[in-house]
Amino acid sequence: MNKTNFALIDCNNFYVSCERMFRPDLWQKPVAVLSNNDGCIVARSNELKNLGVVMAAPYFKQKEILDKIGCVIFSSNYTLYNDISNRVMAIIATFFDKIEIYSIDEAFVELPQWSAEEMQEVCMELKNTVWKWLNIPISIGVGPTKTLAKLANEKAKKDGRKDNLYNGYYRVEKNDDLESILATVEIRDVWGIGRKYAKKLTENGIYTAWDFVRADSAWVKKNFSVMGARTQKELTGQTYYGLEEKASRQGIASTRSFGRPVTALKDLMEAVSSYTTIAAQKLRKDGLETNCLSVFLMTNRFKINFVYANLDVKLVQATNSTHVLATEALKLVKKIYKPGLNYAKAGVFLTNLHSQDEVAYSLFESENRDLDKEKRAMTALDTINKKFGRDALKLLSNGIAKPWQMKQTQVSPKITTSWQELMTADS
DNA sequence: TCTGGGGTCCTAGGACCC
DNA sequence: TCTGGGGTCCTAGGACCC
């Protein structure tokens, strides 16, 4: 008999909570965090959620109502959020041996064979510790499968929002009366059921998680593929998904919208050079190399005559060198570029990733290039940037004026990662 | 005027092989 | 005369997640 339980630990309104960490005056105020470029609302305090402001709502459409309620707005500050995320995860890792970092603000853990009381006690202690050390509120859901843990977490969070009914902790047990719980959960709130599937399901008379569990499994598989079938099984308490402790990447992408339309080749080259720098850093951080790089340029997709063009290149020799990759990327930009277009966005994709150790060295290239030298240079680059900030040392081709750079009009200081900004932050 | 930026997995269909 | 069928790899597209 399998008595494994999973817990999903989720930071509440994570980016908003990060901004509030250093601003206790904002605790009782509505707060929103915007996406890169200040385009969409990507994090909302409970005040906004209760007002019906949805995830990824365009900011310009909500601005009026947000101004009216005195909402405080931040541009996103991913340096800060990543740093806080690492600290939260580090605390979780001191409580549990088996942890899967699922996203910047979520982790699954596998619970030992504890009694119900022990589970609750340890989870509440974790919740209190994260609050005491970081001032970040979290919710914890426990269940016999990841899907049920996720569902439990939603309950813990949502009901906590209203009247603190569950105190941010909720557990679904396999032997519980599953019907009474699942019948209260709308099908669109189930993990693995998105907008399209929810629409199709309700059209077929399936409105709740419980309706879905009772649906004919062959019909589910036919219409919602194996993913739907797995979700259905997991809802009944049969484990399909295990803990994935080590994330392995298929590819790395670095793409951004520009702050304003860009027409000059020089500016596009600077932007792509910067994105390549970011992607190559990720590559090295994960100990990977690539031999396939692609670049795209596109105009505004909300306008007519939308243009998207991309090119890729296969390298003879796999690499993770910023210099080598940026050189290739810039060649592609020159080929793709068409004068007269208003470019709105560009990006770089690295695929066909291999571990540094397992990459076979090409006989043809190794004579021409000093690989060790390249590697030492990259290690030095990363070390210096880690110490002095991400852009301390960079390629000149990344540009200095950066007219293409994102709009970030209301970004908070990098207090936790930049000494300079800490010193100048008024507190 | 202003519309995020990453990722994952699965399926279907075509090319190619024997 | 009879015009196979299964496997693999690749790509594009469509769903999902945060």
Side-chain angles (χ1 to χ4, degrees), chain A residues 8-15 32-44 54-64 66 73-78 81-82 85 100-108 146-147 150-151 153-154 157 187-201 220-231 234 240-241 244 247-261 271 275 278-279 282 286 292 294 296 298-303 306 308 310 312 314 342 344-353 406-410:
Chain A
L8 176 65
I9 301 152
D10 188 322
C11 300
N12 303 348
N13 315 332
F14 183 56
Y15 300 164
V33 176
L34 305 181
S35 62
N36 276 331
N37 243 0
D38 294 348
C40 291
I41 297 169
V42 291
R44 307 149 290 156
V54 297
M55 177 66 177
Y59 173 50
F60 74 94
K61 285 188 182 167
Q62 305 288 338
K63 191 171 183 311
E64 199 173 331
L66 296 188
I73 310 284
F74 290 92
S75 299
S76 43
N77 180 347
Y78 288 102
Y81 310 150
N82 273 312
S85 173
E100 171 190 343
I101 297 172
Y102 180 69
S103 73
I104 192 167
D105 67 337
E106 277 175 82
F108 283 103
K146 281 171 141 185
T147 304
K150 190 91 184 169
L151 188 146
N153 185 282
E154 279 301 306
K157 217 177 347 178
I187 189 63
R188 60 164 191 204
D189 290 336
V190 171
W191 190 44
I193 306 294
R195 264 225 321 266
K196 288 274 169 74
Y197 281 6
K199 182 164 177 282
K200 201 158 140 191
L201 284 165
V220 168
K221 187 164 183 189
K222 183 160 172 274
N223 287 279
F224 304 93
S225 91
V226 298
M227 301 298 281
R230 286 173 191 165
T231 299
E234 285 239 329
Y240 178 84
Y241 297 111
E244 291 167 33
S248 67
R249 292 166 169 284
Q250 305 294 310
I252 292 174
S254 177
T255 73
R256 297 280 188 288
S257 303
F258 302 136
R260 58 178 169 77
Y275 306 158
I278 292 167
K282 284 189 193 170
D286 291 355
C292 184
S294 84
F296 74 85
M298 63 188 258
T299 60
N300 189 331
R301 70 173 187 277
F302 296 100
K303 296 219 162 114
F306 164 58
Y308 174 97
N310 76 311
D312 52 61
K314 294 254 190 300
N342 282 315
K345 185 174 175 178
V348 174
F349 295 102
L350 306 179
T351 51
N352 203 9
L353 309 183
M406 294 184 292
K407 278 184 289 196
Q408 286 197 307
T409 54
Q410 319 191 53

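Computed from a predicted model, the values in this text were never measured in an experiment. Only heavy atoms go into these numbers, but all of them, side chains included; no hydrogens, no water, no symmetry mates. Order of the sequence lines sets the chain letters (A, B, ...), proteins ahead of strands, with each chain counted from 1.
- Across all strands, A:Asp105 comes closer than 4.0 Å only to sugar-phosphate atoms, never to a base (heavy-atom distances).
- Residues that satisfy the side-chain hydrogen bond (donor to acceptor under 3.5 Å, both in side chains) test with A:Lys200, not counting sequence neighbours, are absent from this structure.
- Taking A:Lys63 as the reference, A:Tyr59, A:Asp67 meet the side-chain contact (heavy atoms from CB on, under 4.5 Å) condition, with sequence neighbours excluded.
- Nucleic acid contact for A:Ser254: sugar-phosphate only, since backbone atoms but no base atoms lie under 4.0 Å from a heavy atom of the residue.
- Set against B:dG7, B:dG5, B:dC2, the side chain of A:Ala253 has B:dG7 as its closest nucleotide.
- In this structure, of B:dC2, B:dG5, B:dG7, it is B:dG7 that holds the atom nearest to the side chain of A:Lys282.
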At under 4.0 Å between heavy atoms, which parts of nucleotides 8-17 of chain C does protein reach? Answer with one letter per nucleotide, 5' to 3': B base, S sugar-phosphate only, - none.
-------SSS

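- For DNA chain B, each stem of at least three Watson-Crick or G-U pairs (distances under 3.5 Å) is given as range with range: B:5-18 with C:5-18.
- Remark: A:Ala344 pairs with A:Asn300 by the side-chain contact (heavy atoms from CB on, under 4.5 Å) rule, at least two apart or across chains.
- Take A:Tyr81 and apply the side-chain hydrogen bond (donor to acceptor under 3.5 Å, both in side chains) test, not counting sequence neighbours, and it matches A:Glu19.
- Which of B:dT3, B:dG7, C:dC18 sits closest to the side chain of A:Ile252 comes down to B:dG7.
- Remark: A:Tyr308 engages A:Phe296 in a ring-ring contact (aromatic ring centres under 6.0 Å, His included) (not counting sequence neighbours).
- The side-chain contact (heavy atoms from CB on, under 4.5 Å) test applied to A:Ser35 returns A:Cys40, A:Val42, not counting sequence neighbours.
- Classified by interplanar angle (parallel below 30°, tilted 30° to 60°, perpendicular above 60°), the ring pair A:Tyr275/A:Phe258 is parallel.
- OP1 or OP2 of B:dG5 lies within a sub-4.0 Å distance of a side-chain N or O belonging to A:Lys345.
- Applying the ring-ring contact (aromatic ring centres under 6.0 Å, His included) rule to A:Tyr102 yields the partners A:Phe108, A:Trp191; only residues at least two apart in sequence or on another chain are considered.
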